[in-house]
Amino acid sequence: MKNIIAIALIVGGLLLGYQGVTTVTHNSTEVKLLGIKVDASNETGKEKGYIYIGGGVLLVLLGGYLLKNNK
């Protein structure tokens, strides 16, 4: 039973990390206008993406810990 929970945590962490990466990339925009770079990023959206990535890493580590200590 612990193995199933550990694998679910790892898969959930990977999905959450992927969601975080896509959130960060969709909220990062840079436009070149007349040779000048204009940053049109959404900082709140990027922070949300970083939180998703951090949560995904935490879930993967927790799942790995459960798999390792399942004796």
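All of these numbers come straight from a predicted model, not from anything done at the bench.
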When you group the ILVMFWY residues by side-chain heavy-atom contacts below 4.5 Å and let the links chain together, are Leu58 and Ile51 in the same group? no
Hydrophobic clustering (ILVMFWY, side-chain heavy atoms < 4.5 Å, transitive) - are Tyr52 and Leu9 grouped together? yes
Interatomic spacing from OG1 in Thr23 to OH in Tyr18 - rounded to 0.5 Å: 10.0 Å
Using 0.5 Å steps for rounding, measure from the CD atom of Gln19 to the NZ atom of Lys48. 8.5 Å
Should Leu14 and Val60 count as side-chain neighbours, where that means a heavy-atom distance under 4.5 Å? yes
Is there a continuous path of hydrophobic side-chain contacts, each under 4.5 Å between heavy atoms, that joins Leu59 to Leu66? yes
Non-hydrogen side-chain atoms of Tyr65 and Leu61 separated by less than 4.5 Å: no
Closest contact, heavy atoms only, Leu67 versus Ala6: CG-CB, 3.5 Å
